[in-house]
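Structure first, then comments.
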Amino acid sequence: MMRKADELKSALATNQLVLVAFYTAQTVRNVWLRPAIEGYRRQTSKTIQLVEIDKEDEPLLADFYHVGSAPVFLLLSADHELWRQQGKLTVDEWQEVLDEF
């Protein structure tokens, strides 16, 4: 099984947009996120990769990206942070963000 740090590094090496979703056991994983990204991929030429990270399982990654409490969403490109949101994110909000990039 690929470690999350390796999965993230591999995703960033593609020079595609990467959405990193930090969560904890106390926060509900956003089950709508993966289907929303798949739907967006079908509607646009943009390619977006999703990396979901349990903040408690990966404290070094959480510290590196300055993630305090979860959930936190980061949109990265080649390890540059393009956008960040702490707290809940809806499908509509997510699509608005993607339309900016």
Side-chain angles (χ1 to χ4, degrees):
M1 184 171 143
M2 185 182 291
R3 288 183 22 240
K4 287 298 178 174
D6 293 335
E7 181 182 348
L8 181 56
K9 184 178 180 181
S10 177
L12 291 171
T14 65
N15 292 320
Q16 298 171 351
L17 292 174
V18 178
L19 176 68
V20 183
F22 283 94
Y23 65 93
T24 65
Q26 286 75 37
T27 60
V28 177
R29 284 176 82 169
N30 292 280
V31 295
W32 59 265
L33 202 51
R34 192 169 299 280
I37 287 175
E38 292 300 324
Y40 193 82
R41 282 183 188 151
R42 287 190 293 271
Q43 297 171 14
T44 181
S45 61
K46 294 178 187 175
T47 302
I48 300 149
Q49 295 195 43
L50 174 63
V51 179
E52 295 175 286
I53 300 172
D54 185 327
K55 176 184 169 298
E56 294 167 348
D57 289 345
E58 298 286 348
L60 294 177
L61 278 177
D63 288 346
F64 181 80
Y65 286 104
H66 307 288
V67 173
S69 60
V72 172
F73 302 92
L74 304 173
L75 188 62
L76 307 174
S77 177
D79 212 21
H80 296 290
E81 186 176 312
L82 303 175
W83 171 85
R84 170 186 291 251
Q85 177 170 320
Q86 182 170 350
K88 291 184 177 182
L89 179 68
T90 67
V91 173
D92 291 339
E93 290 169 334
W94 169 237
Q95 288 186 335
E96 285 178 31
V97 168
L98 287 181
D99 289 342
E100 293 178 26
F101 300 97

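For the numbers below, each heavy atom of this structure counts, side chains included, while hydrogens, waters and symmetry mates do not.
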Could you list the residues that satisfy salt bridge (Lys or Arg N to Asp or Glu O under 4.0 Å) with Glu81, not counting sequence neighbours? Arg84

To the nearest 0.5 Å, what is the distance between CD (Glu7) and CD1 (Ile53)? 7.5 Å

Distance col, row Leu12:CG vs Leu17:CG, nearest 0.5 angstrom, shows 10.5 Å

Any side-chain heavy-atom pair from Leu82 and Phe101 closer than 4.5 angstrom? yes

Could you state the interatomic distance from CD (Gln86) to CG (Leu74), rounded to the nearest 0.5 Å? 10.5 Å

Nearest-0.5 Å distance, OH of residue Tyr23 to CG of residue Asp57: 6.5 Å

Nearest heavy-atom contact between Val18 and Ala11 is CG2-O, 3.6 Å

Residues two or more places apart in sequence or in another chain: which of them pass side-chain contact (heavy atoms from CB on, under 4.5 Å) with Gln16? Thr14, Thr47, Gln49

Is there a side-chain contact between Leu76 and Tyr65 in this structure, where contact means two heavy atoms from C-beta onward sitting under 4.5 Å apart? yes

Which atom names give the shortest non-hydrogen contact between Thr24 and Asp54, and what distance separates them? CA-OD1, 3.9 Å

Ignoring hydrogens, what is the shortest heavy-atom contact between Ala21 and Leu50? Give both atom names and the distance. CB-CD1, 4.4 Å

Report yes or no: does Lys4 contribute a side-chain atom to a donor-acceptor pair with the main-chain N or O of Lys55 at less than 3.5 Å? no

